[in-house]
A.B. asks: 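Quick one: this structure, given as structure tokens, is what I'll be asking you about.
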Amino acid sequence: MPPGLVFVKVDHEKQTKNRIHMDLAPHTSDDRDAEIARLEALGATRVDIGQGPDVPWTVLADIDGNEFCVLSSREQ
């Protein structure tokens, strides 16, 4: 089993730039657009950080403003 991640809600707002940037890389058998829609339904929003329209990833932010990317699907 691969390592897991645990996310813990904190009571303070984001103060500075992210100390870590997460990239999610769905497996090719997964529907990337469905995963983005699922994350948006959980409160994520799309963010424009100047990435342009031709990049193979989508930048999202969680409800606290922490940015992360959903990459194009890839083999694992």
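Throughout, residue positions are numbered sequentially from 1 according to the sequence presented.
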A.B. asks: Considering all heavy atoms of both residues, which atom of S72 and which atom of P56 are nearest to each other, and what is their separation?
C.D. replies: OG-O, 2.7 Å
A.B. asks: Show me the side-chain donor-acceptor pairs of residues 39-46 shorter than 3.5 Å, one per line, residues at least two apart or across chains.
C.D. replies:
unit_1, atom_1, unit_2, atom_2, d
E40, OE2, R46, NE, 2.8

A.B. asks: Could you grab the distance from atom CG of L24 to atom SG of C69, nearest 0.5 Å is fine?
C.D. replies: 8.5 Å
A.B. asks: I49 and L71: same hydrophobic cluster, using ILVMFWY side-chain contacts below 4.5 Å?
C.D. replies: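 Looking at the clustering, L71 is in the same group as I49.
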A.B. asks: Who are the side-chain contact (heavy atoms from CB on, under 4.5 Å) partners of D54, not counting sequence neighbours?
C.D. replies: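 Expected list: none.
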A.B. asks: Please assess E35 against R32 for the test salt bridge (Lys or Arg N to Asp or Glu O under 4.0 Å), listing each intermediate value before the final yes or no.
C.D. replies: CA-CA 5 Å; E35 180 62 11; R32 179 182 173 276; over 6 Å; no
A.B. asks: For D64, enumerate each residue passing the side chain to side chain donor-acceptor pair (under 3.5 Å) test, keeping only those at least two apart in sequence or located in another chain.
C.D. replies: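 Residues passing side chain to side chain donor-acceptor pair (under 3.5 Å) with D64: none at all.
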A.B. asks: Return the set of residues passing side chain to side chain donor-acceptor pair (under 3.5 Å) with D23 (not counting sequence neighbours), or none when no residue passes.
C.D. replies: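 Expected list: H21.
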A.B. asks: Using every non-hydrogen atom in the two residues, find where G50 and D48 come nearest and quote the distance to one decimal.
C.D. replies: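 Smallest interatomic distance, heavy atoms only, reads N-OD1, 2.8 Å.
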